[in-house]
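Report on the following structure.
Note that ligands are numbered from 1 as they come in the structure, with each ligand's atoms numbered from 1 the same way.
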Amino acid sequence: MQRRVQITITGRVQGVGFRPTVYRYASAAKLAGFVKNTPEGVFIEAEGEAAAVAGFVEQLRAQPPVQARVDLFEVAERPPSGGARFEIAQSQSSGDLLIGIPPDLATCADCARDIRDTTNRRHGYAFTNCTCCGPRYTIVRALPYDRAQTSMSGFKMCADCRAEYTFPADRRFDAQPNACAVCGPALRLLNAESEPVPGVGDPLAAAVALLREGHVLALKSLGGYHLCCDATNVAALQRLRARKHRPTKPFAVMFASLAHIRQHGEVSAAEEQELLSPAAPIVIVRKRADSTLPPDISPDTHDVGAFLPYTPLHHLLLAAISPLVMTSGNQSEEPLAMDESEVALLLGSFADYALTHNRPILRRCDDSVLKLAGDRRILIRRARGFVPGAIKLPMNGPPVLAVGGDLKNVFALTRHQQAILSPHIGNLEEFASFTFLKAAVEDLARLLEIKPELVAHDLHPDYAATHFAREFPAHAHIAVQHHHAHVAACMVEHNLRGPVIGLALDGMGYGSDETIWGGEVLLADLRIFHRVAHLAPFRLPGGDEATRNPIRTAWSLLLGELGAEAEGVAADLLPALAEADRATLSKMIARGIRAPVTTSAGRLFDGVAALLGFQHPISFEGEAAIHLQTLAETAPLPPYPFAIEKQREPWIIGFGPTLRGIVQDLRAGKARGEVAGRFHRTVAAALVEVCAALRTRHARQDVVLTGGVMQNDFLLRLLVEGLQARGFKVHSHALVPPNDGGLALGQAAVALAQFLA
Ligand SMILES: [Zn+2]
Ligand SMILES: [Zn+2]
Ligand SMILES: [Zn+2]
């Protein structure tokens, strides 16, 4: 009996080898019909013997391409109409280009096998890819995504590659970057003067030898250069740290295999899934007690940022030498080096040699970084593997450009109901990053053919991003309060319309009252918010200087709570702060000169970290807070007392009594780990109590957890557990970072909600 079915599949189904897979299954089952890409996803009609059709549907459902993510799989019956063969039909273009560019995908298992197989014609070839894997976003010049529009356009396919590319049943059918050693890109080894190293037959083998000797190499990866060295060579590590002026910030480590990661880190099932995903992010895992990795890789933490090879070049390199430290190929906060002129700047000063190649990178994209709190994902940086994947907005409106914040800048463009976030741009106080922002906005808007009508920016009048936004031509410019944007970003992720209770525990953001906020409880929908509670304000003597040097904040907190007693306590607990410095800071605080008021949770954590011994300036953002979390004992210890003032809204959450408890314990010689653990539990307990009291008043069930402090997975777990125990629905970020890397998504949603109101 003949049967014809129509199958609609949506999700991540394009650029992942879906059509060739469908073709293979259908041809094997001797079916007629076609498969094509549509703006919605993949559309199939298949006809044949009823049993064969049923088998085909089952096979496709059970074994989609490994890199695909199927959201919807709909089968409808159609009257049989005959036909002799199955074909891949011309894609339907509708002017909606959003789904045209998939993110860059890590090398698939089949390609990894090809390059290991001595009998395969791609054995040892560093640019092997197929429709399931390889570069996408970083090599596209314009849409549609065709070879001529990529940085592979300069390479003419050889007959063998062309045959694969044009044969529908081949894994490399329509694989735009398809190449081999005969026709494709090739490796080169450069010396410190950016000259090719003479007499090198095999650049890869030569690079491995140099790494073994302890050299630092610039390595051309997918979205930019890495600086890499042998992770077991302490001298090489120290050299890299000195050159990058990066004394303590943890380095990411690439391992040859999951088994190799497991020798050094505890990997949960959820972490394993992330590591093996096509995005292949850096996953921060707990270091094993018996790990033999040098402490220099991630000093002062229990963790290690681990990831797996994601290009064929990585696979080949790591097969010869593993593990390797792989850190961004840039000068501290500047954009990643991406082309030969930029790598020339790294050579000599940062790297001894460069292992590079002649496939141009057209678009910078850093490695993504994440960690897990149980099964909740915390994205620290959303870039390679995620960008330019769209996030669904709850509303449809005019196209928006949301410029993000000044730190960890990421911008967003929207079209219809989709928001596309840029990769990590960086810290806009760096001129190079600001230049990168301007160029990247122009580039992505052109690529996606989006002409923004609304521009959303932070309320902060002095952000570089705000200045940029105001100069950007548009119908309307909409300022969005920083923490409202954080809360809105999380609401968008979970399709919440609100009002919700938003807990924004953050570094610093400009408040509606022109003070610096950062420990906020907002009752918010996407359009507006009310500040219903916040942390008790304190002063930051020296402003940004206090952010750089947490001991200043510690002193301010002590002085605010203990008054005259603070001197004696500081002499005990803050030995790194000289008496004369205390006097100067006290004056600044008393007179309110260069000592802005803040409610920042991030700075509160910094201050407590200083009391517990972190008394030197930080060398990277969040260092003191990470120190505090690392210290914290996770055993269920009782919280310290705290105080919530509820006379009128906004309520004030006071940690004065907490501070007194901490001081008392430290002076009594209690273990710092215990104190740090109790402090975490105190913050969580106070916020849970605030939420519970707000529920009585405002009848809200949904709590949204956001802000940079939510990168602290211990605190996040405590809040989730505490709030769930009280019956709340608790939402945290999974698609964008809780830090300012997620801000643009919220800005876009708030701007649209206000515009459409
Ligand atoms: Zn592949
Ligand atoms: Zn070829
Ligand atoms: Zn923020």
Is D160 paired with R122 through a side-chain N to carboxylate O contact shorter than 4.0 Å?
no
Under 3.5 Å side-chain donor-acceptor pair for H483 and Q481:
yes
How many degrees, to 10°, between D506 OD2 and H486 NE2 as seen from the Zn ion (ligand 3)?
100°
To 10 degrees, how wide is the angle NE2 (H482) to the Zn ion (ligand 3) to OD1 (D740)?
100°
Under 3.5 Å donor-acceptor, E274 side chain and E272 backbone
no
Should K249 and E623 count as an ion pair when the cut-off is N to O under 4.0 Å?
no
Short check: any N/O/S atom of H483 below 2.8 Å from the Zn ion (ligand 3)?
no
Verify whether the ring centers belonging to H357 and F127 lie closer than 6.0 Å.
yes
D406 and H460: side chain donor to acceptor below 3.5 Å:
no
Cation-pi check for F155 against R359: NZ or CZ below 6.0 Å from the six-membered ring centre and within 45 degrees of the axis, yes or no?
no
Identify which protein N/O/S atoms are less than 2.8 Å from the Zn ion (ligand 2).
C158 SG, C161 SG, C180 SG, C183 SG
Do H486 and D740 meet the criterion of a side-chain donor-acceptor pair at a distance under 3.5 Å?
yes
Cationic N near anionic O, under 4.0 Å, D367 to R381
no
Within the 4.5 Å heavy-atom criterion, are I115 and N120 side-chain neighbours or not?
no
Short of 2.8 Å from the Zn ion (ligand 1), name each protein N/O/S atom, waters not counted.
C108 SG, C111 SG, C130 SG, C133 SG
Roughly how far, to the nearest 0.5 Å, is the NE2 atom of H123 from the CZ atom of R121?
14.5 Å
